[in-house]
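Atom set for the values below is all heavy atoms of this structure, side chains included, hydrogens, waters and symmetry mates excluded. Note that the structure is predicted; figures quoted are calculated from it, not measured.
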Amino acid sequence: MKFIAIIPARYASTRFPGKPLAMLGGKPVIQRVYEQVIGAVADAWVATDDERILAAVEQFGGKAVMTRSDHQSGTDRIEEAVEKIGTNADVIINVQGDEPFVQRSQLETLKGLFSDAQTQIATLGKPFTTMDAVENPNSPKIVCTTEGYALYFSRSVIPFVRGRERQEWLKHFPFLKHLGLYAYRREVLAQITQLPQSPLELAESLEQLRWLQNGYRIKVGLTDVETVGIDTPDDLRRAEEFLNLHSSSASTAAADGQ
């Protein structure tokens, strides 16, 4: 089975214009993402609508493709990129251009989900560790079938744990956080980008509900690795601190091993 990774990266952003080119640890954010992805998926491309991002990717030796600026979602941008590249890959992996700490283990888990012939779309979930995090509407929740397929995604706390105090719910149900990494079979990607927005998607503002409501099967893999996305300049500062902390830890571990 052949995989290709597409990293959608727009220059325009309401909360953080030029985010892909912002510097993180001496490298543009988009380079950090690309280098993480290329460790797990040999064929990786950045899909952008801006010549500055294209030039930056080519400058550090990556591959990039120009796409239209009027796409409604990253999924639509990925479909155009795949058509332009002309790939014969069986599965397309979608890694957001603001995820500089995506891990090889996460991408390998996504790839492994396609050993199940019934998997049309794959994504990842991580167990919540606090009830405060569960109640955050910016962290969508997933409920799954016993075979690991998504039943529903919601910004609300699902399921409701009856007969228990709310702060005790996490002790009685393994709430699962959705992480925004996706992979699609090639023919499925072409199909879902033709679908109109669905009522559930519009209600929750979650694109994956469009696919579920139209009957597509989404397999959910588990990871214990948290993602650290960058949406705002404050997120970038936190990412810099995260990078410095882990760099220091790695240096200490190397010194201890000498």
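Here W45 pairs with nothing under the ring-ring contact (aromatic ring centres under 6.0 Å, His included) rule; sequence neighbours left out. With sequence neighbours excluded, the residues forming a salt bridge (charged side-chain N to carboxylate O under 4.0 Å, His left out) with E35 are K27, listed by chain and number. Residues forming a side chain to side chain contact (heavy atoms under 4.5 Å, CB included) with E204 (at least two apart in sequence, or on another chain): Y152, S154, R155, L206, L209. With sequence neighbours excluded, the residues forming a salt bridge (charged side-chain N to carboxylate O under 4.0 Å, His left out) with K219 are D116, listed by chain and number. Listed by chain and residue number, nothing satisfies the side-chain hydrogen bond (donor to acceptor under 3.5 Å, both in side chains) test with S156 (two or more places apart in sequence, or in another chain). Evaluation of the ring-ring contact (aromatic ring centres under 6.0 Å, His included) rule for Y11 yields no partner, not counting sequence neighbours. Partners of Y149 according to the ring-ring contact (aromatic ring centres under 6.0 Å, His included) rule, which considers only residues two or more places apart in sequence or in another chain, do not exist here. For the side-chain hydrogen bond (donor to acceptor under 3.5 Å, both in side chains) test, no residue two or more places apart in sequence or in another chain qualifies with D132. In this view, H71 satisfies the ring-ring contact (aromatic ring centres under 6.0 Å, His included) rule with no residue, not counting sequence neighbours. In terms of the side chain to side chain contact (heavy atoms under 4.5 Å, CB included) criterion, residue partners of P8 (sequence neighbours excluded) are, by chain and number, R77, I78, N94, Q96. A search for side chain to side chain contact (heavy atoms under 4.5 Å, CB included) contacts involving S69 returns D49, not counting sequence neighbours. The side chain to side chain contact (heavy atoms under 4.5 Å, CB included) search around A42 returns none, not counting sequence neighbours.
Considering D43, V46, I85 as possible partners of I6, the one that fulfils the side-chain contact (heavy atoms from CB on, under 4.5 Å) test is I85. When each of K19, R32, R10 is paired with D98, the salt bridge (Lys or Arg N to Asp or Glu O under 4.0 Å) condition holds for K19 and for no other. For the side-chain contact (heavy atoms from CB on, under 4.5 Å) with T123, the qualifying choice from L113, L179, V220 is V220, the only one to do so.
P233 and R15 get closest at one heavy-atom pair: CD-O, 3.6 Å. Considering all non-hydrogen atoms of both residues, A133 and S139 come closest at O-CB, 4.1 Å. Across every non-hydrogen atom of L54 and T48, the tightest pair is N-CG2, 3.9 Å. Residue A44 comes nearest to K63 through the heavy atom pair O-CE, 3.5 Å, listed as atom of the first residue, atom of the second, then distance.
Aromatic ring pairs are classed by plane angle as parallel below 30°, tilted from 30° to 60° and perpendicular above 60°; the pair F173 and F175 is perpendicular.
Not one N or O on the side chain of W211 forms a donor-acceptor pair closer than 3.5 Å with the backbone of Y216.
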